[in-house]
Peer 1: 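Sharing a structure below in structure tokens format, with a few things to ask.
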Amino acid sequence: MNAHTPRPLRLCLPLCLLVPTANALAEITPELPLVTVTAEDIAQIDLDTTATVTRFDAQTLRTAAGAAASSPFQAVAAAPSVNFQSADPHGLTEVGFHETIKIRGVAQTGPASSRNIDALPITVNPGGSKGILDMENVAAIELYRGAAPVDQSLGFSNLPGKINLITRAPASELATEVQFEGGSDDFRRVFIRQDSGRYGILSGFLSGSFTSGHNWKGEGEFERQNVFAGLALDGGAAWGAELYAGYNHDERETYRFFNHTLASDFANYRRDWSSNPAKIDYYGYNRQTFTDRFVYANLHARLAEGVELAIKPYYLSESGDYWFSSINATDATKSRVIDWMIEHDNLGVLTRLDWQLSANQRLTPGLWLQRQEPPGPPSTQKKYRVTPTGLVFDGWQMLADNDPHRLISPFLSYLGTFDQLSIEAGLRYVDLRLGALTAYNASGAAAKLSDVEAARAVGGVDALASADAKTLTEWLPYLGLTWRLNPTTSLFTRIGRSYGLDVNLFPYYTAQRTQFAAKGVSFQSLWDRLELETADNLDLGLTYARDDWSLGLTGFYAQHANKQSTIYDPSIGVRYPWNVADAERYGLELEGRWRITPTWTLTGNYTWNRFSYLDDLALSASGAIGTKGKQVVDTPEHMLKLGLRYEQAAWGAGVEARYIGARYGDVLNAERVRSVIVVDASARYRLSQAFNLTLTVQNLFDEEYIGPVSAADDAIANYTAALNGVSGNGSSYQYGAPRTLYLGLSADF
């Protein structure tokens, strides 16, 4: 897959980044007044915070992210209520074209990521933009669980909470940082960052990384190239500006997925796609390639004493392809290779006014605007037949055009501290307009044209499968109260609403258009009935912290309305996603930290999560599935995570263990995924003041287990089932990675 780029050139490109930029650029810390970043500990509890949030400092997140250092989801996998699974050891693999992270059992919905960058929803979904930052360029991560403050929960949806990455600002001193890492399956990575230091009001940096390796099974490979730069101008107390820009190219062959029966037979653990290009399941037909270019800024100025205006524009442009084998379960002659062509932009701006009413009170009105190009929903997919001589174009699986989605969201936030009481209250309004979708006839002459514009022109509009723009609105209140009982103990409550929307109805309709048309059911009639899913969240808890140990207990409850699930409608003979389910979620999070001695530290957390459907899921006016009381798919009821670390100046070592309880891949809880314990270990040795050596072992005991699940109630997995005549629920499963070793050398000058 890499024949297009000579190997010596690929290895030398990152080294060119060592050349410092002339007249480079000025340190200024981004305006983030509520963030507290510690230098040593992840689990140091903040007794005054007004949100249910876990904060990871730079050292912790870099270690947790692993050798590839590009997955923010892997960096937070050890947090309470986080279930993150990946088919590779780097946390880079998706299943079902979506993120494989759930927070309190809730997955991200809609064409957006569950993570933001500097509180901005820059990245999009589906696509490759979720890993556009190297973790070395991230100063801290904030993980919000349940409802989040109104200015920290921006995005197309925010049902699971939010993961916020805080960009590492340019350094005030000239500095060079280099990382080299290698490991199992020919893994190689080099990262270089050059900070210019401060020149007058300017400071800046330029960084780059190159990562490559083989898949741990099969013949697939992966490669990632990243360039990122930052510029800061410091106008003192009067004004400031930070500008960041980057480029990311990611290409990889994907791992094979299985139905539950095959995945449960671990004789298939090393089974992957075939190596024969004359077969539909050839590994080269299951790959993804994406290129992202992005820029974002923070421009802020003091308008008056205690009044500061911040304007944060952002833009991302992404292009690429998902290739996948569409293997028909009942008729092999209908199997095809699909090329899902993706090209979309995301443009937005956040404007906020921070008005310091007094020393302990702040009022923040703000406005967030975003224009986002689909997909989703997916609109352009080519079909190919497999022949002995390669792929032959065979028409269009999907031929449509989708206008951009538009979001307008004003908000007002208040933060105050009164003696022992801290208050954060906010209200945000969401006005979400889904872009009009125009479908085109893909048969006849259009099926012979591989150019998308020409095919649309020849095919003409398919009115039955098209829909007008649709507007959805919602109010999102938030209230966080923290009562400081004494210097070591706090009580708290958080109340708020979150929302989400999946836009995956269209591919189901196009895959089953014949059946819908026979019953006279238009896409517009289904589109008109789409509703936002909402969750009303309540957290109650207690935190206790001393110098050498801390403990936090959180009880949470949420009620979900209009939860989407994939139903089967026997009156038409089709399956499609529908906002028909109500669900209830309640549980406990217990987290703590104990510094046993100055060199030994124990951290851990336990989560109990009961997340179940309140009613049977309706199939039609007269039919239903018996889902009442069943655990929502891919949601373990119990999780336990423990870490023990030894640290001294010259060297350190640690071990982390994660217990992920049993979960289910279907709404009837018939497809059970057994529990698993995965243990990771790491060590570091300081060779000198500048050089450090690291060793990391993931899945230390080489446990074989099922990792990611693409569950048919909340993902696009069931679309491929509908497309391919699968009679089951359509969920798919992948295995977690085996034992993997990495050795790294870092230098700081």
Side-chain angles (χ1 to χ4, degrees), residues 1-5 87-88 92-99 111 113 123-132 212 215 218-226 247-257 273 277 280-294 316-327 335-346 372-386 390-402 442 447 449-456 504 506-507 510-511 710 715-717 719-720 723:
M1 75 184 282
N2 299 322
H4 58 280
T5 308
D88 66 57
L92 302 176
T93 299
E94 297 177 324
V95 58
F97 313 110
H98 283 73
E99 302 167 358
S113 174
T123 59
V124 290
N125 193 49
S129 66
K130 291 172 286 295
I132 58 176
S212 68
N215 288 358
E219 298 189 40
E221 299 179 350
F222 61 91
E223 182 179 294
R224 175 178 178 268
Q225 301 169 19
N226 184 275
Y247 165 90
N248 190 74
H249 179 78
D250 187 294
E251 55 183 302
R252 66 189 64 247
E253 272 91 26
T254 56
Y255 290 88
R256 187 160 192 163
F257 52 85
W273 304 106
I280 186 68
D281 64 344
Y282 176 53
Y283 79 93
Y285 303 150
N286 293 272
R287 67 182 189 272
Q288 63 185 67
T289 303
F290 289 100
T291 299
D292 291 271
R293 303 166 185 86
F294 57 98
L316 177 138
S317 176
E318 178 174 79
S319 59
D321 300 80
Y322 282 117
W323 289 81
F324 60 95
S325 298
S326 177
I327 304 173
S335 295
R336 294 290 185 272
V337 173
I338 306 298
D339 174 15
W340 179 0
M341 298 177 291
I342 290 179
E343 186 169 346
H344 47 196
D345 295 343
N346 188 29
Q372 177 177 334
E373 258 188 334
S379 58
T380 310
Q381 295 182 350
K382 290 181 177 179
K383 295 188 297 184
Y384 291 87
R385 285 187 296 108
V386 178
L391 296 180
V392 175
F393 176 71
D394 192 44
W396 297 89
Q397 176 61 40
M398 205 173 300
L399 185 62
D401 193 16
N402 207 163
L449 299 172
S450 60
D451 179 78
V452 61
E453 296 297 337
R456 286 171 180 164
N504 53 4
F506 181 67
T510 58
S710 183
I716 206 170
Y719 155 56
T720 57
L723 178 65

Peer 1: Only one of Trp323, Phe257, Trp340 passes ring-ring contact (aromatic ring centres under 6.0 Å, His included) with Phe97; say which it is.
Peer 2: Trp340
Peer 1: Output the distance between atom CZ (Arg336) and atom NZ (Lys382), rounded to the nearest 0.5 Å.
Peer 2: 16.0 Å
Peer 1: I need the Leu399 CG to Thr380 OG1 distance, nearest 0.5 Å.
Peer 2: 6.5 Å
Peer 1: What are the two closest heavy atoms between Ala454 and Leu449, and how far apart are they?
Peer 2: O-CD1, 3.7 Å
Peer 1: Which residues satisfy the side chain to side chain donor-acceptor pair (under 3.5 Å) test with Asn286, sequence neighbours excluded?
Peer 2: Ser325
Peer 1: Could you give the distance from CD (Glu343) to OG (Ser379), rounded to the nearest 0.5 Å?
Peer 2: 10.5 Å
Peer 1: Where do Trp273 and Thr254 come nearest, in terms of heavy atoms and distance?
Peer 2: NE1-O, 3.0 Å
Peer 1: Mind listing the closest non-hydrogen atom pair of Glu253 and Asn215 along with its distance?
Peer 2: O-ND2, 3.2 Å
Peer 1: Determine the interplanar angle of the Tyr247 and His249 rings, folded into 0 to 90°, and report it as parallel if under 30°, tilted if 30 to 60°, perpendicular if over 60°.
Peer 2: parallel
Peer 1: Can you see which heavy atom on Pro375 is nearest to which on Ile342, and at what distance?
Peer 2: CG-CG1, 3.8 Å
Peer 1: Only counting residues at least two apart or in another chain, list the ones meeting side chain to side chain donor-acceptor pair (under 3.5 Å) with Glu318.
Peer 2: His344
Peer 1: Which heavy atom of Ser129 sits nearest to which heavy atom of Thr123, and what is that distance?
Peer 2: O-CG2, 3.1 Å
Peer 1: Can you name the nearest heavy-atom pair linking Ala400 to Arg456, along with the distance?
Peer 2: O-NH2, 2.6 Å
Peer 1: Measuring from atom CZ of Arg252 to atom CZ of Phe290, what distance do you get when rounded to the nearest 0.5 angstrom?
Peer 2: 10.5 Å
Peer 1: Report the residue from Thr291, Asp292, Asp345 that forms a side chain to side chain donor-acceptor pair (under 3.5 Å) with Ser317.
Peer 2: Asp345
Peer 1: Okay, side chain of Gln372, backbone of Pro111: is any donor-acceptor separation there less than 3.5 Å?
Peer 2: yes
Peer 1: Which distance, rounded to the nearest 0.5 Å, do you find between the CD of Glu373 and the CG of Asn346?
Peer 2: 9.5 Å
Peer 1: Distance check, rounded to the nearest 0.5 Å: Trp396 atom CH2 versus Asp339 atom CG?
Peer 2: 8.5 Å
